[in-house]
Amino acid sequence: MADFDFKKIEQKWQKEWEKQGAFKAKEGKKDKFYCLEMFPYPSASYLHMGHVKCYSIGDIIARFKRMQGKNVLYPMGFDAFGLPAENAAIKAKSHPATYTNDAIATIRKLMKELGLSYDWDREVSTHLPDYYRWNQWIFLKMLEKGIAYRKKAPVNYCKTCATTLANEEVIDGNCWRCDQPVSLEQLEQWFFKITAYADELLSGLDTLQWNERVKEMQRNWIGKSEGTKVTFILEGTKQSFEVFTTRPDTLYGVTFLTCAARHPLLGDLLKGTPQEKAYRSFLQTVSASEKLDVTKEKEGFNTGLFALHPLTGERLPIFASNFVVADYGTGFVMGVPAHDQRDFDFAQKYALPIKQVICQVNGKIDKKMKEAYIGRGILIDSDTFDGLENEKAKKVISAHLVKLKKGAITTEYRLRDWLVSRQRYWGTPIPIVYCSKCGIVPVPEKQLPVQLPVDVTFTGKGNPLVTCKAFVETSCPTCKGKAKRETDTMATFIDSSWYYLRYCDPDNKKALFDSKKVAYWMPADQYIGGMEHAVLHLLYARFFTKFLRDCGLVTFDEPFQKLFNQGIVHKGGERMSKSHGNTVTAEEISAKYGIDTARLFIMFVASPDKAIEWDDKGIEGAFKVIKRFIALADKVGKVSDPIVDHKIASFLTQLEKNYESIEFNKGIVSFMELVSSLSEKESISRAAYESLLLGMSPIIPHVCEELWSRLGNKTLIATESWPKVDTSKINPAFDVVEQAVEKTVSDIMNVLRLVKEKTGEEGTQVYVYVLPKEVGNYAPDSLTKRVGKPIRVFAVNDPKKYDPQGKAGKAKPGKPALFVE
RNA sequence: GCGAGGGUAGCAAAGCGGUCAAAUGCGAAAGACUCAAAAUCUUUUGGCUUAGUGCCUUCGGAGGUUCGAAUCCUCUCCCUCGCACCA
């Protein structure tokens, strides 16, 4: 122990691993295992315990799988483009490229110091032209297939970040990065048609071994809903419009229609009418908040327009309202106050008729409704559909509408197409040229990459690319005339949507990857990352995979079979982060206790998927265990104690299961118990000890590597196999014996206490009388040490035993008799 | 409102039908070592009781299933996180 310098040992083995290429992954015939972690954004210049936790999980899995004989791919890279780097660089009066490269160098070095078993030959950085040219290539493919398109639309715009945002990047109406309110702007932008995959993105979730929570979040986000589009005619015109409903069974109960306040149709229809002015002022009240607010009182504006019911021809007033979502369904909603609570409230407020068309099975209806009836029932007052059960009526009425060409059965999604243009510098240039003659011209594949110019000036205002003449001014690939380049860059979520494929073939100059290599490694067997990407990265990556499959480049549907969401590390009740100023860095902990202790502790505190609170005292406990573990090395000898063999064998059996199920905390608890139990033993056989080192090496790799080599082993423990456990050594009877000894210790303590209470005097000598065949179970020295009093152990049939009070007769199997004096 | 996950001893956290007054770590208390402290080691840590025993009350709350519940079911309260006027 005295000569155990953690820092030195860590460096020594990290060097050795690198020198021997212990973690290099190569395609082969062996079973593969792809262990993938979400690659980081290289912004900080240190790693804190949150990082240690996240990466340790992956490292433990990778090391364990290697030991199990799998061909493991465990790569790391950097999500290097993006706004924070750009802003940080501007602030530091540096260039984003310099800033990013420096950050990457630092983080790579720090990661190596954690002893993570990455194959660094496969490192990928998204800001390098070798990488982002393939972003551009994919973009062109998408354009070719009609998945990428340009359109003018109201889009989310963040003034602080000076760029547009995808819907997924707007959280509660605020920008996900800066938390400032997002506004809607009419802009012409590039979109990816992720909605083309909506249904598949939804159904594919069922095949994944993911956290139910994440899957549910994606389901919600995609928001599939099946219903009917009903065509209404505007009174006095031939103009028709559609209304989406999931309740066509209540069609005869419609008494009014509502539409989104800003529905484009409304503006046109009201132009020049007497109501126009009132409509404008109504809009004022609505425009106060861009986002719909549940808590807000429902407001309506009677447009004075009427629609005709498609089946009855009834006149239905049309209201503009503040509660109808403009871009969901058709922006029009039919008002059925009797069977929808919102419509009911609205009808009450504006004194609109309420017409009941569904009654409960008993046929009674409540004439004075206090609230909408939304349950099941039988149709009434619905012409020829009377008497139908309402679920059935949904189908029948829809079919009827379809037949009359007054409706269609449709599926609506909440998911919107992905807005991918960003008005910022630090990203992949969109490979498009605008030519006054030829229009929108894609940059030919041969001309890729469209390099992001390095020589630009950051004024802090707007996208510097716009003012970079050398970049903007170009010639049209088609007509060779003067043309301008697209100056928007791609959303960085594009970079991270396929990086895991590039790891499989990172140096490919001819293609984004070799499909054969990808076919070997993918899909990733284990993906590890935070929950925050549930509807961002994780959705986009799935979309990309499906697109690339349709291009014939990959053969699978889902990139990540298993997903593990690690819990966050808190300190002082808050997430450990730079902005909270509550970070505990890996370096400071490692300097004090060694990085293995940090890993052991952080994996021990709780199940890896749970959030934990950092505890400065707690790590001391883990350090103690490491030290005791190292001290065990002195006990290694040839003598094989069957109890020791039993303990280690059963520990390893359990540990293997804990590794499989990513419940390292449980394995570590057993490890702690094992270490404290072994600490009392005389000797550990070399074979058992080596198997213990092997078993623990995924969690505390440096310490185990060192101890392994101190035994004279010339190999690296990192490349050894999982120990074969001799199950014949496992014998539960040993546990029974141990429990009996434990019980005896506590009995002795108890008696000593009672003696003191009764006589007021400390007992000075303890005698233990054991059945003859159990004598070996009770080692006087060990008992003495634990009880803190001198102890003598006699067999009950020992004629020379000292037993003045004849206690020996009370001894039972597993329960020795005691005497204290 | 909808959905997901939780509520276990001073704290953190295992346990998920009997072996449970409940692992493990931290904290606390006592003891050993030491001139002393630190480190290390040992013991104790729901209550009452007892020469090593027995009993009682506990696992958010209330009921239920069972010979038997921290563990299963129902209802309820609280927390955390998503989604939310989606028609």
Side-chain angles (χ1 to χ4, degrees), chain A residues 171-172 211-221 223-225 227-228 243-247 250 257-258 292-298 321-336 339-343 345-346 412-414 531-532 534-535 601 604-607 609-622 624-625 627-628 631 663 665-666 668-673 676 679-680 735-736 739 743-759 762-763 766 768 782-789 805 807 810 815-820:
Chain A
I171 315 288
D172 289 335
N211 186 334
E212 199 49 48
R213 227 164 117 184
V214 175
K215 290 208 262 186
E216 198 56 31
M217 279 164 81
Q218 290 212 358
R219 283 191 197 106
N220 284 339
W221 189 259
K224 181 177 179 173
S225 112
T228 309
V243 172
F244 177 73
T245 181
T246 53
R247 294 293 305 273
T250 64
L257 296 175
T258 339
L292 297 180
D293 181 0
V294 200
T295 58
K296 221 172 177 181
E297 171 83 13
K298 291 177 181 46
S321 77
N322 65 343
F323 68 93
V324 174
V325 181
D327 60 353
Y328 181 79
T330 62
F332 265 97
V333 177
M334 57 188 219
V336 187
H339 306 293
D340 182 290
Q341 191 55 41
R342 292 158 303 181
D343 296 345
D345 297 341
F346 195 79
E412 286 291 320
Y413 295 94
R414 209 184 75 103
M531 198 75 130
E532 65 273 16
V535 288
F601 171 65
F604 155 74
V605 181
S607 164
D609 58 324
K610 284 208 171 152
I612 57 168
E613 175 72 21
W614 176 258
D615 180 1
D616 289 322
K617 276 287 185 5
I619 190 155
E620 304 264 1
K624 213 185 285 182
V625 174
K627 285 191 284 191
R628 295 179 86 180
E663 294 177 306
N665 55 322
K666 294 184 197 172
I668 295 171
V669 166
S670 316
F671 174 65
M672 288 176 164
E673 287 170 307
S676 79
S679 297
E680 286 172 14
D735 292 329
V736 175
Q739 272 169 33
K743 186 77 174 81
T744 303
V745 169
S746 84
D747 284 347
I748 295 170
M749 297 309 291
N750 197 8
V751 173
L752 283 167
R753 203 197 79 239
L754 291 168
V755 166
K756 194 181 174 187
E757 271 174 23
K758 283 252 160 86
T759 66
E762 294 273 353
V766 179
V768 179
S782 150
L783 289 177
T784 300
K785 195 179 154 204
R786 293 187 62 179
V787 170
K789 298 281 178 211
Q805 293 194 3
K807 295 275 189 190
K810 289 174 88 176
K815 191 169 168 61
L818 304 175
F819 173 60
V820 170

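Within every chain, numbering begins at 1; the chains are lettered A, B, ... in the order of the sequence lines, protein sequences first and strands thereafter.
- Protein atom NZ of A/Lys758 is 12 Å distant from nucleotide atom C1' of B/U53, rounded to whole Å.
- One interatomic measurement links the two molecules: CG of A/Asn750 to P of B/U43, which rounds to 15 Å at whole-angstrom precision.
- For A/Lys810, the listed nucleotide lying nearest its side chain is B/A51; candidates were B/G82, B/A51, B/C41.
- Across all strands shown, B/U40 forms a Watson-Crick or G-U wobble pair, both distances under 3.5 Å, with B/A32.
- Across all their heavy atoms, A/Gly763 and A/Leu752 have their closest contact at CA-CD2, 4.1 Å.
- The side chain of A/Lys815 contributes an N or O atom lying less than 4.0 Å from OP1 or OP2 of B/U53.
- Looking at heavy-atom distances under 4.0 Å, A/Ala622 makes no contact with the nucleic acid at all.
- Atom-to-atom, CG of A/Asp747 to P of B/U43 comes out at 14 Å; the value is rounded to the nearest Å.
- Listed by chain and number, the residues in a side-chain contact (heavy atoms from CB on, under 4.5 Å) with A/Val669 are A/Phe604, A/Glu673 (sequence neighbours excluded).
- At a threshold of 4.0 angstrom between heavy atoms, the contacts of A/Glu620 with the nucleic acid are absent.
- Nucleotides B/G82 and B/A28 place their P atoms 36 Å apart, quoted to the nearest Å.
- Between the A/Arg414 side chain and the A/Asn220 main chain, a donor and an acceptor come within less than 3.5 Å of each other.
- Protein atom CG of A/Leu257 is 17 Å distant from nucleotide atom P of B/A87, rounded to whole Å.
- Across the protein-nucleic acid pair, A/Phe601 atom CZ and B/C26 atom P stand 10 Å apart, rounded to whole Å.
- The residue among A/Ile668 and A/Tyr328 whose nearest nucleotide of RNA chain B is located toward the 5' end is A/Ile668.
- For A/Glu620, there are no salt bridge (charged side-chain N to carboxylate O under 4.0 Å, His left out) partners, not counting sequence neighbours.
- Applying the salt bridge (charged side-chain N to carboxylate O under 4.0 Å, His left out) rule to A/Arg753 yields the partners A/Glu757; only residues at least two apart in sequence or on another chain are considered.
- A/Lys617 has its NZ atom 11 Å from the P atom of B/C26, to the nearest Å.
- One C1' atom belongs to B/U49, the other to B/G54, and the distance between them is 7 Å to the nearest Å.
- For A/Arg753, no side-chain nitrogen or oxygen approaches OP1 or OP2 of B/U50 to under 4.0 Å.
- A/Val214 comes within 4.0 angstrom of nothing in the nucleic acid, heavy atoms only.
- We find that NE2 of A/His339 is positioned 19 Å from C1' of B/C85, with the value rounded to whole Å.
- Between B/A69 and B/U58, the two P atoms lie 12 Å apart (nearest whole Å).
- Regarding A/Gln341, its CD atom lies at a distance of 17 Å from the C1' atom of B/C86, rounded to whole Å.
- In this structure, A/Tyr413 has no ring-ring contact (aromatic ring centres under 6.0 Å, His included) partners at least two apart in sequence or on a different chain.
- Base pairing analysis places B/U45 opposite B/G27; the two distances defining the Watson-Crick or G-U wobble pair are each below 3.5 Å.
- The side chain to side chain donor-acceptor pair (under 3.5 Å) test applied to A/Ser679 returns no partner, not counting sequence neighbours.
- Figure legend. B/C16 is base-paired to no nucleotide; pairs are counted as Watson-Crick or G-U wobble with both atom distances under 3.5 Å.
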Problem - Protein proximity profile, nucleotides 29-37 of chain B - base contact B, sugar-phosphate-only contact S, no contact -, cut-off 4.0 Å on heavy atoms - result: ---------
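- Considering only heavy atoms from C-beta on, A/Met531 comes within 4.5 Å of A/Asn211 through its side chain.
- The 5' end of RNA chain B is approached more closely, in terms of each residue's nearest nucleotide, by A/Asp615 than by the other of A/Val751 and A/Asp615.
- With P as the reference atom, B/A38 and B/A30 are 12 Å apart, rounded to whole Å.
- With sequence neighbours left out, the side chain to side chain donor-acceptor pair (under 3.5 Å) criterion links A/Asp747 to A/Lys743, A/Lys815.
- Taking the P atom of each, B/G6 and B/A22 are spaced 25 Å apart, rounded to whole Å.
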Completion exercise
Counting primed atoms, P, OP1 and OP2 as sugar-phosphate and everything else as base, the B/S/- map of nucleotides 3-19 of chain B against protein heavy atoms under 4.0 Å is SS-------SSSS----
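- With sequence neighbours left out, A/Gln341 forms a side chain to side chain donor-acceptor pair (under 3.5 Å) with A/Asp345.
- Contact annotation for A/Gly621: backbone-only contact, meaning every heavy-atom pair under 4.0 Å involves sugar-phosphate atoms and none involves a base.
- Remark: the separation of the P atoms in B/C59 and B/U71 is 9 Å, to the nearest Å.
- B/C83 is paired with B/G1 under the Watson-Crick or G-U wobble criterion, all donor-acceptor distances under 3.5 Å.
- Separation of the P atoms belonging to B/C41 and B/G5 is 41 Å when rounded to the nearest angstrom.
- Residues that satisfy the side chain to side chain donor-acceptor pair (under 3.5 Å) test with A/Lys666, not counting sequence neighbours, are A/Glu663.
- Contact check on A/Glu216 versus A/Arg219 returns a salt bridge, with a Lys/Arg side-chain nitrogen under 4.0 Å from an Asp/Glu carboxylate oxygen.
- Pair assignment for B/U58 gives none, since no Watson-Crick or G-U wobble pairing has each distance under 3.5 Å.
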Please list each protein N or O that sits under 3.5 Å from an N or O in nucleotides 44-47 of chain B, with the distance.
none

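- The side-chain tip of A/Lys298 points at the ring of A/Phe323 from less than 6.0 angstrom away and within 45° of straight on.
- Proximity of A/Arg628 to the phosphate of B/C41: a side-chain N or O atom is located under 4.0 Å from OP1 or OP2.
- The P atoms of B/U80 and B/C75 are separated by 23 Å, rounded to the nearest whole Å.
- Scanning for salt bridge (charged side-chain N to carboxylate O under 4.0 Å, His left out) contacts around A/Lys756 gives A/Glu762, with sequence neighbours left out.
- Going from atom CE of A/Met334 over to atom OG1 of A/Thr245 covers 3.5 Å, rounded to the nearest 0.5 Å.
- Contact annotation: A/Ser225 side-chain N/O to B/A87 OP1/OP2 distance is under 4.0 Å.
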